[in-house]
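What follows is a set of notes on a single structure, which appears directly below.
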Amino acid sequence: MLCWRPDCDNGAEQRCSGCKTATYCSEACQKAHWSAHKKECKLNRIIYDMEQKEEEEEKKNGGPQKPRKTHCTGCNGKFKEDWLEVDQECPDCGYITCESCACSNSRGSCYCQESNFGRYRYCSVEPRPYHRGKRGQYRGDYHPTKEAGYDYNPVDRPEAFTDTPQTCKSCGKVAFLMKEEYKSQYLFPY
């Protein structure tokens with residue numbers, strides 16, 4: 001970890017006692033950077049306190065809270081009515097959707113970072129606009145295959161994939177990876 005002071009390249013060993021996030025190599029460095037850091041220090045402390053409170057509640061309740069099973073997590077519509085039925089349910093995070101939310105760009109993905117409803121990793125499927133996690137759109141490598149039944153694959157579209165197999169940064173598998181310009185073209189064709 002490096003010192004937060006921009007003009008210092010030393011390793012950081014001390015944390016700011018206010019926000020608990022900024023790290024400094026020495027007390028002198030912290031004092032020199034205080035005028036720039038004090039604006040963000042209070043905000044970082046509020047965020048830090050909220051995260052600590054959430055972690056304590058999760059520990060007390062036996063883990064993170066899963067969404068309720070009676071309503072769609074995406075649109076909050078109630079199940080067991082004539083027009084709304086369960087379409088997808090994630091066994092890991094508990095995210096549950098109706099048919100309408102399952103195909104939505106913003107509500108069609110569960111909270112899991114590396115999979116979608118516990119079925120696969122994002123990197124081994126064709127990219128879709130709804131390949132999101134709780135922290136935003138997945139921007140990693142893609143390597144869908146013809147054997148898995150995907151239309152967008154290195155056999156049918158060799159121009160969209162790397163010329164030689166490379167290591168996927170998400171799963172570590174060596175495969176033909178989709179080129180960046182084709183990922184964006186595939187995700188946002190219009």
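Model, not experiment: these values are computed from the prediction.
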Are the side chains of [X] and [Y] in touch, meaning some heavy atoms are under 4.5 Å apart?
X: Leu177; Y: Cys168; result: yes
X: His143; Y: Met178; result: no
X: Cys25; Y: Gln14; result: no

Atom pair [atom1]/[atom2] of [X] and [Y] - distance to nearest 0.5 Å:
X: Met50; Y: Ile46; atom1: CE; atom2: CD1; result: 8.5 Å
X: Phe176; Y: Thr145; atom1: CZ; atom2: OG1; result: 12.0 Å
X: Arg45; Y: Leu43; atom1: CZ; atom2: CG; result: 13.0 Å
X: Lys179; Y: Thr162; atom1: NZ; atom2: OG1; result: 7.5 Å
X: Arg15; Y: Thr23; atom1: CZ; atom2: OG1; result: 6.5 Å
X: Gln88; Y: Cys72; atom1: CD; atom2: SG; result: 10.0 Å

Minimal non-hydrogen separation, [X] against [Y], with atom names:
X: Cys19; Y: Cys41; result: CB-O, 3.4 Å
X: His71; Y: Ile96; result: O-CG2, 3.4 Å
X: Phe161; Y: Pro144; result: CE2-CD, 4.0 Å

Those residues that, when tested against [X], pass side-chain contact (heavy atoms from CB on, under 4.5 Å) (two or more places apart):
X: Gln52; result: Tyr48, Glu55
X: Lys38; result: Trp34
X: Lys146; result: Asn153, Val155, Asp156

Inset, instruction - Look at the aromatic rings of Tyr24 and His37 and report parallel, tilted or perpendicular, splitting at 30° and 60°. - result: perpendicular
Legend entry - CD/Glu159: more than 12 non-hydrogen atoms of other groups inside 6.0 Å: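 Enclosed.
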